[in-house]
Engineer: 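The structure under discussion is supplied below as C-alpha cells; questions concerning it will follow.
Because only heavy atoms are used, hydrogens play no part in the values below, and waters and symmetry mates are left out as well, while side chains stay in. The structure presented is a predicted model; accordingly, all values stated were derived computationally and were not measured.
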Amino acid sequence: MGSAIPEVPVVTGELEQVTDALCYHGEGPVWSPEWGGLRWVDMLAGDVLTLRADGSVDRLHVGDVAAFVRPRTGGGWVVATERGLARADEADGIPTPWFDLWDDPSVRMNEGGVDGLGRLWAGTMGYDRVPGSARLFRVDPAGCVAVVLPDVTISNGIDLAPDGRLAYYDDTPTGRTDVFDVVDGELVNRRPFVTHDVGHPDGLTVDSAGNVWVALNGAGRVRCFSPAGEVLAEVAVPVRLTTACTFGGDDLRDLYVTTSRENLDDPEPEAGALFRVRVSVPGQPVRPFAG
C-alpha cells in the first residue's frame, strides 16, 4: 500500500530558475499531460509558451492578449484572448477563434480556471483598473455564458478544494483571498479567507491536501495557507512581480512560479523568468474544459 499524502507542505528543494527572463508579463501556468508538461502565457504579448522536456520553450502568438489556457476534455486546448475564447483540437494545434464574450475595448481577459463540472471560469479586468468594471464569467461546454460575479476590479486566481465544496478566489485590489461554498455548481456564501499583509494576491492554486498557494505580486513570494488560513510555507522569489503558481512534474510536486516585469522602471535581471521548487504535498491534476 502507498503511503498517505502529507497534509502540511514542506519546501524540500532549492528554488531553480527554469527559463531565461523571456516574458514581459508571465502568467497562468498550467501543467497537463495533454501537452506534455507546462504551458503558460506572456499575457500582454499575446503569446502562449510551452516548456519542452529539453528545457527549450516554444512560443505561439494567439492575439493581442493571451490570458490563460486549459486543456479540453476531448483533446486540444482553449485559450482566453483579449475579449473571447479560441480553441484548438490537438495539443500542439493552432487555436481558432470561438466567440467573444463582450465588445467593450476597455476590458480584457485576465485569469481563469475550470469548475468541477468542466465549465470555464473567465475573469476580466479593465485596462484602467476602474473599480467594479470587471466580471467573472462562466462558460459552459456549449458556449452559454453566465455572469458569476459582477462588480469585480481585477479578477485573478480561482481554484477548487479537492472535494469540490470550496472555491478560493482573488479580486486583487481587495487585498484578500476569499472563499465560497460550492452548492449545485454555484458559488455562494462569499467570505474572507485570508487578508494579506504583503503584496497583492494574484494567481493561486490549491494542492491535494486543500492548502491554498497564493502568488503575492509585488512581494516576491508565494505563500501557502492551510484550509484554516494559517501560513504553512513560503517561497521567496528574486523577482518582485510574482504572478501565478501551479503544480507540475510527474508527481505534481514541482511548484512552478511565473513572474513579470510589467511597468517596472528597474526590473530585476530574472524578471519574466519561470521558477520551480520541490514541495512535499502534490497538487491536483488539472481540470479540463468540457467544451
Engineer: Main chain of V114, side chain of R287: is a donor-acceptor contact present, judged purely on distance under 3.5 Å?
Structural biologist: yes
Engineer: Does E90 use its side chain to pair, donor to acceptor, with the backbone of G75 at less than 3.5 Å?
Structural biologist: no
Engineer: So, D58 and R39, do they make that salt bridge, N to O below 4.0 Å?
Structural biologist: no
Engineer: Taking C-beta and beyond as the side chain, do D178 and D171 meet within less than 4.5 Å on heavy atoms?
Structural biologist: no
Engineer: Does any N or O in the side chain of S260 come within less than 3.5 Å of the main-chain N or O of Y24, such that one atom is a donor and the other an acceptor?
Structural biologist: yes
Engineer: Search all heavy atoms of P238 against all heavy atoms of L15 and return the closest pair with its distance.
Structural biologist: CD-CD2, 3.7 Å
Engineer: Are W213 and F247 an aromatic pair by the rule of ring centers under 6.0 Å?
Structural biologist: yes
Engineer: Looking only at the aromatic ring of each residue, does the gap between the centers of W40 and Y256 stay below 6.0 angstrom?
Structural biologist: no
Engineer: Taking the side chain from W31 and the backbone from P33, do they hold a donor-acceptor pair closer than 3.5 Å?
Structural biologist: no
Engineer: Side chain of R221, backbone of V198: donor and acceptor closer than 3.5 Å?
Structural biologist: no
Engineer: Report yes or no: do R176 and T195 form a side-chain donor-acceptor pair below 3.5 Å?
Structural biologist: no
Engineer: Can you name the salt bridge (charged side-chain N to carboxylate O under 4.0 Å, His left out) partners of D20, sequence neighbours left out?
Structural biologist: none
Engineer: I need the single residue from F180, F193, W121 that forms a ring pair (Phe, Tyr, Trp, His ring centres under 6.0 Å) with Y168. Which is it?
Structural biologist: F193
Engineer: Identify each donor-acceptor pair in which a side-chain atom of residues 263-274 lies under 3.5 Å from a protein atom, sequence neighbours left out, and give them as a table.
Structural biologist:
residue, atom, partner, partner atom, Å
E268, OE2, R240, N, 3.0
E268, OE2, R240, NE, 2.6

Engineer: Given 3.5 Å as the limit, does a donor-acceptor pair link the side chain of D42 with the main chain of C23, or not?
Structural biologist: no
Engineer: Is there a donor-acceptor contact under 3.5 Å from the side chain of T177 to the main chain of Y169?
Structural biologist: no
Engineer: Does R135 reach the main-chain N or O of G132 with its side chain, forming a donor-acceptor pair under 3.5 Å?
Structural biologist: yes
Engineer: Could you check if a side-chain atom of V212 sits within less than 4.5 angstrom of a side-chain atom of V206, using non-hydrogen atoms only?
Structural biologist: yes
Engineer: More than 12 non-hydrogen atoms from neighbouring residues, nucleotides or ligands closer than 6.0 Å to CZ on R190, yes or no?
Structural biologist: yes
Engineer: Can you tell which of N156, T258, T242, T172 makes a side chain to side chain donor-acceptor pair (under 3.5 Å) with D202?
Structural biologist: N156
Engineer: Who are the side chain to side chain donor-acceptor pair (under 3.5 Å) partners of D151, not counting sequence neighbours?
Structural biologist: none
Engineer: Under 3.5 Å, side chain of D140 to main-chain N/O of A142, donor-acceptor pair present?
Structural biologist: yes
Engineer: With a 3.5 Å distance limit and no angle check, can you tell me whether R108 reaches the backbone of D64 through a side-chain donor-acceptor pair?
Structural biologist: no
Engineer: Ignoring hydrogens, what is the shortest heavy-atom contact between S226 and N211? Give both atom names and the distance.
Structural biologist: CA-OD1, 3.6 Å
Engineer: Just wondering, more than 12 heavy atoms not from D163 lying within 6.0 Å of its CG?
Structural biologist: yes
Engineer: Rounded to the nearest 0.5 Å, what separates atom CG in L44 from atom CD in E82?
Structural biologist: 9.5 Å
